[in-house]
Amino acid sequence: MKNTKKFILRLAAVAVFCSIICYGMMKENQQTAEDIELQSVNTEVHVSNGIAQPESTMQNILISKEGSYIFQVNCKPDHEGLITGCIICDEKEQVVFSCSGEEWTSGSSKLNLKVGTYTVAFYYLANENAYEKFWKDAGKEISKDVEGLFQDNGKWDVCLEYGYGEVKEKSLEYYLGIVIGIAMGLALVVFLKWIIQKMGGKVEVGGRKCKESYDERQMLARGQAYKTAFFTLLFYMCSVAAISEFSENPLLMSFAGIWVGVCLSITVFAIVCILKDAYMSLYENTKGIIMMFSVIGILNTGIGILHFDAGRPMIEDGMLSIYCINLIVGIMFLIILAVFCGKLLYDKRNAKEEE
Amino acid sequence: MKNLKMKSARAALDLSQQDLAAKVNVSRQTINAIEKGDYNLTINLCRAICKALGKTLDELFWEEETD
């Protein structure tokens, strides 16, 4: 009865974990489009006595297939002082997207569009009245106070970019594949544990409670290790945020970047535990740990190298890509394994003296 | 401060650190740390060790005063 309850609880935990991952992926999928190709138009805008000439630039986008799309529009004037607004309308002149500003890069949310021609209109807003009219036409409240931003006279070279991308909805099979992938991963861990036990190794994968697995000295040492790992993660997160903010280097501001922090803190936790003889529980043996860590470390490093070998980008948009994760995890396990083996050798050398 | 009383009681029974550790359900390193005086154990573990070695708390863990 107790075991059934435990099994149901574990199954529920796995189901919740899988659901969270799937939900996250579906949300992410809803907001991104693949391959937005941008068209660009350069316009020379003259402003004389607060009147812009030309007043607007119109472009058309032909949507030939009904579906979900994301619009992307950018405006880059050669200098400040001119506000440009953008309205995208369908054939019935219904506004589907609008934005304004001096220099901007803007994207719509996911839009369900029918087949037809959509008009992308860029308006050059050289005075407050034009600005107010623009937002009235867009059917929205004025988005910000622009008093003092306009210049009565001047000339601007404005580079306009516009484009769209289809949001490709992933099929049910895709999500099913993700869930089966996670389940296979968990099954691999159970299988690995079984193989190791067959070969005389002892490992625990979420078995007994911590209280039962470690003695009182080990529990104290592990508490200290958790504390050190927690502060390491805190320090890492603050450092990444500071580097990103002050040096504008977003290298670690990605999912893989977060994994670096997680792996770093796990490594610190494991090393502190190993050095204080609190890593291995009372029901494990060194053979089991070495076998488990070797397999996981080598597997992950191998997959990471395969990604690299296949030419997959390790850095995307200046940030670490998800293809790094296997390599990071593999290196982490190999480092922990090296420290574990080193401590084992050190203990063996001192064992006689201790007796 | 080293706990030589415990070490000698263990040796008298011809037990290794590992054997004693298994009897009281702790790791070998914990027994080593207690004997070296690196770890202040709880009263529960003191009692378990005393039972395993057939000694009293006083005999193993009471420090004799020296003038």
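Letters go in sequence order (proteins before strands), and every chain restarts at 1.
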Which portion of B/Ile34 sits near chain A, non-hydrogen atoms under 4.5 angstrom
neither

Please determine whether side-chain hydrogen bond (donor to acceptor under 3.5 Å, both in side chains) holds for the pair A/Glu284 and A/Tyr279, giving the CA-CA distance in whole Å, both sets of side-chain angles, and the decisive distance to 0.1 Å.
CA-CA 10 Å; A/Glu284 290 174 317; A/Tyr279 192 76; over 6 Å; no

So which residue, B/Asn25, B/Ile31, B/Asn40, B/Val24, ends up with the most heavy-atom pairs under 4.5 Å with chain A?
B/Asn25

Which atoms of B/Ala11 are under 4.5 Å from chain A, going by heavy atoms: the side chain, the backbone, both sets, or neither?
neither

Which pairs would a plain distance check flag for residues 324-339 of chain A, meaning a side-chain donor or acceptor within less than 3.5 Å of a matching protein atom at least two apart in sequence or in another chain?
unit_1   : atom_1 : unit_2   : atom_2 : d
A/Asn326 : ND2    : A/Asn300 : OD1    : 2.9

Any salt bridge linking B/Lys23 with B/Asp19? Criterion: basic side-chain nitrogen under 4.0 Å from a carboxylate oxygen.
no

Any luck finding a side-chain donor-acceptor pair between B/Arg28 and B/Gln18 under 3.5 Å?
no

